[in-house]
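None of these values were measured; they are calculated from a predicted model. As the structure lists them, so they are numbered: ligands from 1, and atoms in each ligand from 1.
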Amino acid sequence: METLQSKHLLGIKDLTREELELIFNTADNFKEVINRPIKKVPSLRDITIANVFFENSTRTRLSFELAEKRLSADVVNFSSSGSSVKKGETLLDTVNNILSMKVDMVVMRHASPGAPHFLSRHIQANVINAGDGTHEHPTQALLDSFSIRQKLGEVAGKKVAIIGDILHSRVALSNIFALTKLGAQVMVCGPATLLPKYIKSLGVKVTLNLREALEWCDVANVLRIQLERQQVRYFPSLREYSLYYGINKKLLDSLQKPITIMHPGPINRGVELNSDVADSDHSIILEQVENGVAIRMAVLYLLASNTA
Ligand code: CP
């Protein structure tokens with residue numbers, strides 16, 4: 001396989017295992033490139049990419065922009081705050097206006113699940129989902145599995161616990177799709193109120209007990225409590241959440257084996273992770289961020305050659 005089947009990347013659900021492996025193998029090459037003294041290649045020269053962010057972002061946005069610039073693309077950035085969206089302009093009008101400026105690819109983050117899918121049905125440009133509400137965050141899941149592969153040699157056969165606010169997490173859903181396609185076992189762990197009712201139908205194990213999840217897994221991917229998406233209270237207080245689901249060094253040291261700690265960021269330090277874990281040798285959080293650039297270069301490169 002030399003290319004992806006779709007001209008868009010909307011979710012991991014749509015990808016095959018072979019496509020995931022193609023992205024990883026392509027990212028391996030780009031990782032080598034970005035560690036050279038001259039980090040730029042001409043692969044996307046004359047391609048114009050718009051990063052259209054209707055929701056806040058630090059890592060994804062910077063990482064896409066850097067990936068695009070490393071590939072020599074022309075880049076424009078749009079953020080809904082300070083734009084004419086605030087005057088009532090629709091999503092489609094906003095994007096069509098950007099496309100009139102001859103944009104070839106659109107990287108979009110939006111608070112509404114399905115927004116990039118909607119866009120992909122109405123425009124000619126390639127669309128990449130950079131996170132759509134509580135639905136999917138495909139490039140995050142790709143960089144997460146790529147980081148597990150880098151740390152542990154392969155993803156197949158590994159046990160990965162996804163811990164925390166599963167209900168509101170696009171990272172959880174995309175990770176479950178990616179990890180199960182790649183042959184890993186997945187367990188989700190969190191308070192019952194933050195576990196979706198359908199979760200077992202995705203082929204994952206479920207526990208409410210943090211110690212059980214940590215004793216079972218090789219890798220713990222710890223998620224942020226997404227207070228901005230919670231309209232009601234799902235647990236009594238952050239202090240109580242941290243007491244039952246927060247990971248600290250004492251807890252890790254009490255396990256019989258070392259485990260790898262991941263987090264997509266941004267971290268609520270002292271809530272889901274203590275600093276003595278986030279900044280420890282167990283943590284590959286900053287490697288995840290580094291791998292994000294290579295993964296996004298791979299996705300952009302593969303999609304740009306697929307305009308059908
Ligand atoms: N992991 C992630 O999506 O982070 P940002 O919201 O900062 O992009």
* **Short side-chain to backbone donor-acceptor contact, Asp218 and Lys159, under 3.5 Å** =>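 Side chain of Asp218 to backbone of Lys159: a pair is present.
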
* Do any N or O atoms from the side chain of Asn291 and from the backbone of Leu143 form a donor-acceptor pair under 3.5 angstrom? ->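 No; zero donor-acceptor contacts below 3.5 Å.
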
* Non-hydrogen atoms of Gly131 versus ligand 1: any pair closer than 4.0 Å? ->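 Gly131 does not count as a contact of ligand 1 under the 4.0 Å cut-off.
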
* **Residue of the set His263, Gln288, Arg149 for which side-chain hydrogen bond (donor to acceptor under 3.5 Å, both in side chains) holds with Asp144** =>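 Of the listed residues His263, Gln288, Arg149, the side-chain hydrogen bond (donor to acceptor under 3.5 Å, both in side chains) partner of Asp144 is Gln288.
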
* To do: Can you sort out the partners of Lys200 under salt bridge (charged side-chain N to carboxylate O under 4.0 Å, His left out), two or more places apart, ordered by chain and number?
  =>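 By the salt bridge (charged side-chain N to carboxylate O under 4.0 Å, His left out) rule, Lys200 matches no residue at all.
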
* **Interfacing atoms of ligand 1 (cut-off 4.0 Å, heavy-atom, Thr58)** =>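 The list of qualifying atoms is 5 (P), 7 (O), 8 (O).
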
* Asked: In terms of atom number and element, which parts of ligand 1 are under 4.0 angstrom from non-hydrogen atoms of Gly265?
  ->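 Counting from 1, the qualifying ligand atoms are 1 (N), 2 (C), 4 (O).
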
* To do: Would you indicate which of Arg59, Arg109, Glu55, Arg224 comes nearest to atom 6 (O) of ligand 1 when only heavy atoms are counted?
  =>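 Going through Arg59, Arg109, Glu55, Arg224 one by one, Arg109 has the nearest heavy atom to atom 6 (O) of ligand 1.
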
* Report the member of Thr60, Val171, Asp144, Asn56 with the shortest heavy-atom distance to atom 2 (C) of ligand 1. =>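 Among Thr60, Val171, Asp144, Asn56, the closest heavy atom to atom 2 (C) of ligand 1 comes from Thr60.
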
* Of the protein's non-hydrogen atoms, which lies at the shortest distance from atom 1 (N) of ligand 1, and what is that distance? ->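 Scanning the protein heavy atoms, the shortest distance from atom 1 (N) of ligand 1 goes to Pro264 O, 2.8 Å.
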
* Do you know which of Leu182, Leu20, Val219 makes side-chain contact (heavy atoms from CB on, under 4.5 Å) with Val155? ->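 Running side-chain contact (heavy atoms from CB on, under 4.5 Å) over Leu182, Leu20, Val219 with Val155 returns exactly one hit, Leu182.
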
